[in-house]
A.B. asks: 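Handing you a structure now.
Owing to the predicted nature of the structure, the values given are computational and were not obtained by experimental measurement.
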Amino acid sequence: MTTPLYIAYHFEVSPPVPGNEILMAELGVVGFESFIETSDGLSAYIQKKDHYSSILETLQILENNEFSISYRIEEIEQVNWNAQWEANFKPITVDGRCCIRAPFHDSAGHEFDIVIEPKMSFGTGHHETTHMMIQFMLDTDLKNKSVLDMGCGTSVLAILAEKKGSSSVEAIDIDEWCYQNSLENIRRNSCQNIRVLKGDASLLKAQAFDVIIANINRNILLNDIPVYATCLNANGFLFLSGFYKDDIPKIRAVCKHCNLSFEAQIFRNDWVALKFNKQ
């Protein structure tokens, strides 16, 4: 079997928050398949066969004067993603109650212990948005509730929902890698009540949930909030994240139009999570 050749771009990013996150998203669109955050930015990897000289020309962040970004390019024969991931993945604890760890970490005996092997999927708890969603969930009674984890990534939030007593959980993501990784993580945590689907909000017709969790991006949320509102049971909760403080007015305006009442917000660096209730 031929070992794939990779092109590595080593970026220096200032400021790294939210620069790294925006840069990763834009690089993913043009074909970069793996990322490792570094002390001064991030390294991005793409197979040489998929690389072309003008690959960075469509990246809007490189034209944004709010960020200073430089990079160097390196050709490498092989990347041991498991070794890279294990070297960079550290356990995280949220509010002293929920621990998210890798299979090679020992359990520390927290109230909620979740084992995640994210590979290329988003959602280890390390990112601000996932961390805040877990905070909302820890403070919410989910026992015997039906829960939707929209844009589930690794399904870490769906797994927490079941561990908190949810009667049924649906985890949906449009990405094939996230779909497969969710199935793996659900098995790894011995969950029984989670159904994973590949797709988007079009799958939600005629469905109803007590709690909807959507950690995606602003544009998708603005488009899909009316669908979430229709699917949310009376007195149900909607948790939203994946956007910045400056996006709050637009998110709240759409939710208000959909008869969703604002209840709470959490800030973490420049990111925010919002909680709404359906009367």
Side-chain angles (χ1 to χ4, degrees), residues 13-26 28 37 42 60-61 64 66-67 92-98 100 118 121-140 142 147-158 160-161 164 171-174 178 200-201 209 211-229 231-232 236-279:
V13 183
S14 180
V17 177
N20 281 357
E21 188 70 21
I22 298 171
L23 181 58
M24 277 191 279
E26 294 190 7
E37 293 200 66
L42 64 90
Q60 296 181 11
I61 190 172
N64 191 328
E66 295 182 6
F67 300 97
I92 185 170
T93 301
V94 179
D95 292 352
R97 298 176 61 194
C98 179
I100 301 157
S121 304
F122 179 85
T124 62
H126 289 74
H127 192 270
E128 288 90 337
T129 58
T130 312
H131 191 286
M132 291 183 293
M133 290 299 230
I134 292 172
Q135 287 182 282
F136 270 147
M137 293 177 69
L138 290 174
D139 290 337
T140 303
L142 298 179
V147 176
L148 167 65
D149 180 6
M150 195 72 200
C152 60
T154 62
S155 279
V156 61
L157 301 179
L160 177 59
K164 288 209 69 192
I172 298 177
D173 203 293
I174 199 167
C178 293
D200 54 22
F209 303 93
V211 177
I212 296 177
I213 304 158
N215 183 15
I216 315 179
N217 68 56
R218 184 197 67 175
N219 291 338
I220 293 177
L221 291 176
L222 291 173
N223 183 71
D224 291 349
I225 285 172
V227 180
Y228 304 153
C231 296
L232 194 60
F237 293 109
L238 173 64
F239 302 148
L240 301 174
S241 195
F243 49 91
Y244 304 116
K245 295 177 183 178
D246 292 344
D247 298 318
I248 293 176
K250 290 183 178 179
I251 297 289
R252 289 191 59 171
V254 174
C255 287
K256 183 177 180 180
H257 180 74
C258 295
N259 297 315
L260 298 170
S261 301
F262 171 76
E263 289 223 342
Q265 60 189 13
I266 302 173
F267 295 104
R268 197 170 178 86
N269 294 323
D270 288 331
W271 300 91
V272 65
L274 303 180
K275 176 181 180 181
F276 294 88
N277 173 252
K278 182 175 181 178
Q279 301 296 327

A.B. asks: Looking at Ile220, is its backbone amide N or carbonyl O close enough to the side chain of Asn217 to form a donor-acceptor pair, meaning the two atoms are under 3.5 Å apart?
C.D. replies: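 Indeed, once roles are kept as given, a pair shorter than 3.5 Å links the two residues.
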A.B. asks: What's the spacing between Glu21 CD and Tyr244 OH if we round to 0.5 Å?
C.D. replies: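 Going from CD on Glu21 over to OH on Tyr244, the span is 6.5 Å.
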A.B. asks: Tell me the closest heavy-atom pair linking Met132 and Ser241, and the distance in Å.
C.D. replies: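 Minimum heavy-atom separation between Met132 and Ser241: CE-OG, 3.8 Å.
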A.B. asks: So, the side chain of Thr93 versus the backbone of Cys98: is there a donor-acceptor pair under 3.5 Å, distance only?
C.D. replies: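 No: the side chain of Thr93 does not pair with the backbone of Cys98.
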A.B. asks: At what distance, to the nearest 0.5 angstrom, does CD1 of Ile174 lie from CD1 of Ile216?
C.D. replies: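 Interatomic distance, Ile174 CD1 to Ile216 CD1, rounded to 0.5 Å: 9.5 Å.
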A.B. asks: Ring centres of Phe243 and Trp271 under 6.0 Å apart?
C.D. replies: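 No: the rings miss the under 6.0 Å criterion.
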A.B. asks: Any side-chain heavy atom of Leu260 within less than 4.5 Å of one from Tyr228?
C.D. replies: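 No, their side chains stay 4.5 Å or more apart.
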A.B. asks: Closest heavy-atom contact between Asn215 and Gly242?
C.D. replies: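 Looking at all heavy atoms of both residues, the shortest contact is OD1-N, 3.4 Å.
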A.B. asks: Shortest non-hydrogen contact from Asp173 to Cys178?
C.D. replies: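 In this case the closest contact between Asp173 and Cys178 is CG-CB, 3.6 Å.
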A.B. asks: Taking side chain as C-beta onward, heavy atoms only, is Ser14 less than 4.5 Å from Phe67?
C.D. replies: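 Side chain of Ser14 against side chain of Phe67, heavy atoms only: no contact under 4.5 Å found.
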A.B. asks: Can you give me the closest heavy-atom contact between Lys278 and Leu232, atom names plus distance?
C.D. replies: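 Reported closest heavy-atom pair: NZ-O, 2.8 Å.
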A.B. asks: Mind checking whether Phe262 and Phe276 have parallel, tilted or perpendicular rings, split at 30° and 60°?
C.D. replies: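 Because their plane-to-plane angle is over 60°, the rings of Phe262 and Phe276 count as perpendicular.
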A.B. asks: Any heavy-atom pair between the side chains of Ile172 and Asp200 that's under 4.5 Å?
C.D. replies: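 Not touching, per the 4.5 Å side-chain cut-off.
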A.B. asks: Does some side-chain heavy atom of Cys255 sit less than 4.5 Å from a side-chain heavy atom of Leu240?
C.D. replies: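 Contact flag for Leu240/Cys255 side chains = yes.
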A.B. asks: Got a donor-acceptor contact below 3.5 angstrom from the Glu26 side chain to the Gln60 backbone?
C.D. replies: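 A pair under 3.5 Å: yes.
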A.B. asks: Could you give me the CA-CA distance, side-chain angles and deciding distance for Val13 and Ile61, then say whether side chain to side chain contact (heavy atoms under 4.5 Å, CB included) is met?
C.D. replies: CA-CA 10 Å; Val13 183; Ile61 190 172; 5.6 Å; no
A.B. asks: When you compare the side chain of Val156 with that of Leu160, does any pair of heavy atoms fall below 4.5 Å?
C.D. replies: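 A side-chain contact under 4.5 Å is absent here.
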A.B. asks: Arg218 pairs by salt bridge (Lys or Arg N to Asp or Glu O under 4.0 Å) with which of Asp247, Asp224, Asp246?
C.D. replies: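 Going through Asp247, Asp224, Asp246 one by one, the salt bridge (Lys or Arg N to Asp or Glu O under 4.0 Å) with Arg218 is satisfied by Asp247 alone.
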A.B. asks: Under a 4.5 Å cut-off applied to non-hydrogen side-chain atoms, are Phe136 and Ile213 in contact?
C.D. replies: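 Answer no - side chains too far apart.
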A.B. asks: Can you spot which of Ile212, Asn277, Leu142 makes a side-chain contact (heavy atoms from CB on, under 4.5 Å) with Phe237?
C.D. replies: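 Among the candidates, only Asn277 passes.
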A.B. asks: State, yes or no, whether a side-chain contact exists between Lys164 and Val147 at a heavy-atom distance under 4.5 Å.
C.D. replies: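 No - every pair of side-chain heavy atoms lies 4.5 Å or more apart.
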A.B. asks: Gln135 side chain to Ile266 main-chain N or O, any donor-acceptor pair under 3.5 Å?
C.D. replies: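 It does not hold such a pair.
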A.B. asks: Taking side chain as C-beta onward, heavy atoms only, is Ile251 less than 4.5 Å from Ile225?
C.D. replies: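 Answer yes - side chains close enough.
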A.B. asks: Verify the neighbour count for atom NZ of Lys250: are there more than 12 heavy atoms of other residues, nucleotides or ligands below 6.0 Å?
C.D. replies: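 Atom NZ in Lys250 is not packed in, count stays at 12 or less.
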A.B. asks: Which heavy atom in Arg252 sits nearest to a heavy atom in Leu274, and how many Å separate them?
C.D. replies: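 What the structure gives for the nearest pair is CG-CD1, 4.2 Å.
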A.B. asks: Check step by step if side chain to side chain contact (heavy atoms under 4.5 Å, CB included) holds for Cys231 and Leu148.
C.D. replies: CA-CA 10 Å; Cys231 296; Leu148 167 65; 6.0 Å; no
A.B. asks: Which heavy atom in Leu138 sits nearest to a heavy atom in Val94, and how many Å separate them?
C.D. replies: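 Between these two residues, the closest heavy atoms are CD1-O, 3.7 Å.
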A.B. asks: Does Asp95 reach the main-chain N or O of Arg97 with its side chain, forming a donor-acceptor pair under 3.5 Å?
C.D. replies: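 Not confirmed, Asp95 side chain does not pair with Arg97 backbone.
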A.B. asks: Can you tell me how far CZ of Phe239 sits from OG1 of Thr129, rounded to the nearest 0.5 angstrom?
C.D. replies: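 The OG1 atom of Thr129 sits 14.5 Å away from the CZ atom of Phe239.
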